[in-house]
Amino acid sequence: MAENKTPIKKTSNQEKKRAQKGPNQRLRQRSAIIIMFILVLGFGTTLLRLAMLTVFQGSNLQERAVDQQLADTTLTAKRGTIYDANGNVLAESASVWQVVMAPINFKNDEQRAAAAKGLSEILGMEYDNVLEKTKGKSYYTVVKRKIEVEQRDKVLEFISKLSKDYDCDGVITLLDDYKRYYPHNDLASCVIGFAGADEQGLEGVEYEYDKYLAGTPGRIVTAQNAISLPRTATTYI
């Protein structure tokens with residue numbers, strides 16, 4: 001009786017490799033698709049955001065950039081002189097100065113403390129009050145108005161010291177200011193009147209002819225560079 005033999009099919013090495021390769025290849029394809037999707041989504045979001053900033057918010061952002069780069073400061077006008085019929089001076093404005101700071105330009109607390117200490121000693125102010133002014137975020141803060149020549153010279157020396165010892169520049173500035181003087185003191189004071197701290201006429205001739213005596217205030221427009229230090233200053237009168 002003949003024995004039935006079923007042939008055994010041998011699997012070749014290539015077929016084995018193909019069988020193993022199939023799942024790995026599908027996995028790689030899926031991974032590639034996911035990565036492409038993430039890249040497209042990321043670039044698409046970036047491009048959409050860029051389009052919104054350029055098209056819809058462009059003008060607003062430009063205005064904000066200009067505001068951040070320019071600091072506009074008003075300069076006090078020199079008040080006119082009042083004479084009597086013989087040409088004698090009855091009231092005049094003499095030059096004094098105001099000390100201003102750009103506290104946003106301080107780099108660290110050491111600079112703030114040094115500036116507060118020096119200015120408080122020169123100007124006769126409380127240290128804590130000056131230190132508080134150094135912590136602001138503006139380009140223009142008045143420290144003290146109407147200082148005389150002696151204090152002005154000391155402030156100028158102190159500005160140089162800050163620059164040399166603390167690498168602190170573009171923070172403290174002296175601006176022209178004016179102070180009203182009456183050479184004859186109380187003589188004819190009820191007629192001449194007087195002007196207030198803001199150089200505005202309050203009584204007498206000072207008040208009656210204020211629009212002629214007041215003058216026209218000037219402006220300083222200061223451009224800031226990329227690190228917020230003054231670059232140029234232009235005065236408009």
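A quick note: this is a predicted structure, and the numbers were derived from the prediction, not measured.
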**Request:** Return yes if some donor-acceptor pair links the side-chain N/O of Asn86 with the main-chain N/O of Asn88 below 3.5 Å, else return no.
**Result:** no

**Request:** Give, for atom CG of Asp177 and atom NZ of Lys144, the distance between the pair rounded to the nearest 0.5 Å.
**Result:** 12.5 Å

**Asked** Looking only at heavy atoms, what is the nearest atom pair of Gly136 and Pro103, with distance?
**Response** O-CB, 3.5 Å

**Inter-residue atom distance Leu174.CG - Leu156.CG, 0.5 Å rounding** = 5.0 Å

**Message:** Taking atom OH as the centre, does Tyr207 end up with more than 12 heavy-atom neighbours from other residues, nucleotides or ligands that are less than 6.0 angstrom away?
**Reply:** no

**Asked** Under 3.5 Å, side chain of Asp210 to main-chain N/O of Gly201, donor-acceptor pair present?
**Response** yes

**Message:** Within this structure, what is the NE2-CG distance for the pair His184 and Leu90, rounded to the nearest 0.5 Å?
**Reply:** 5.5 Å

**Request:** Apply the test side-chain contact (heavy atoms from CB on, under 4.5 Å) to residues Glu157 and Ile122: give CA-CA distance (whole Å), side-chain angles for both, the deciding distance (0.1 Å), then the verdict.
**Result:** CA-CA 11 Å; Glu157 292 178 3; Ile122 294 171; over 6 Å; no

**Item:** Check ion pair Glu148-Lys179 (N to O, under 4.0 angstrom)
**Value:** yes

**Connected via hydrophobic side-chain network under 4.5 Å: Ile192 and Tyr83** = no

**Message:** Please check: side-chain N/O of Asn105 versus main-chain N/O of Gly170, any donor-acceptor pairing under 3.5 Å?
**Reply:** yes

**Prompt:** If you draw a 6.0 Å radius around OH in Tyr127, do more than 12 non-hydrogen atoms from other residues or ligands fall strictly inside?
**Reply:** yes

**Prompt:** Roughly how far apart are Tyr178 OH and Gln98 CD, rounded to 0.5 Å?
**Reply:** 10.5 Å

**Asked** Do side-chain atoms of Arg79 reach the backbone of Ala91 as a donor and acceptor pair under 3.5 angstrom?
**Response** no

**Greater than 12 external heavy atoms within 6.0 Å of Asp186's CG** = no

**Message:** Quick one: does any side-chain atom of Thr134 pair with a main-chain N or O of Leu131 as donor and acceptor, under 3.5 Å?
**Reply:** yes

**Complete:** To the nearest 0.5 Å, atom CZ of Phe158 lies from atom CD of Gln151 at 13.5 Å

**Request:** Please list, chain by chain and in numerical order, all residues satisfying side chain to side chain donor-acceptor pair (under 3.5 Å) with Asp165, sequence neighbours excluded.
**Result:** Lys161

**Prompt:** Within the distance-only criterion (no hydrogens, no angle test), does the side chain of Lys133 pair as donor or acceptor with the backbone N or O of Val142 below 3.5 angstrom?
**Reply:** yes

**Asked** Considering only heavy atoms from C-beta outward, does the side chain of Ile82 approach that of Glu206 to under 4.5 Å?
**Response** yes

**Test: Asp176 and Arg152 ion pair at under 4.0 Å** = no

**Request:** Just do the side-chain contact (heavy atoms from CB on, under 4.5 Å) check on Met125 and Val143 with the steps written out, would you?
**Result:** CA-CA 9 Å; Met125 300 175 64; Val143 180; 3.9 Å; yes

**Asked** Hey, quick one: are Met36 and Ile34 part of the same hydrophobic cluster, counting side-chain heavy atoms closer than 4.5 Å, chains of contacts allowed?
**Response** no

**Message:** Please say yes or no: joined through hydrophobic side-chain contacts below 4.5 Å, possibly via intermediate residues, are Ile33 and Ile38 part of one cluster?
**Reply:** no

**Asked** Would Met101 and Phe106 count as a side-chain contact (heavy atoms from CB on, under 4.5 Å) if you check the C-alpha gap in whole Å, the side-chain angles of each, and the deciding distance to 0.1 Å?
**Response** CA-CA 10 Å; Met101 281 194 306; Phe106 282 114; 4.1 Å; yes

**Request:** Give a yes or no on whether Val89 and Tyr182 share a hydrophobic cluster (residues Ile, Leu, Val, Met, Phe, Trp, Tyr; joining criterion: side-chain heavy atoms under 4.5 Å apart).
**Result:** no

**Prompt:** Is it true that atom NZ of Lys146 has more than 12 heavy atoms of other residues, nucleotides or ligands lying nearer than 6.0 Å?
**Reply:** yes

**Working for side-chain contact (heavy atoms from CB on, under 4.5 Å), residues Leu162 and Val171** = CA-CA 9 Å; Leu162 272 182; Val171 176; 5.9 Å; no

**Fill in**
Shortest non-hydrogen pair, Val130 vs Ser120, comes out as CG2-CB, 4.1 Å

**Complete:** Rounding to 0.5 Å, atoms CD (Gln111) and OH (Tyr166) come to a distance of 10.0 Å

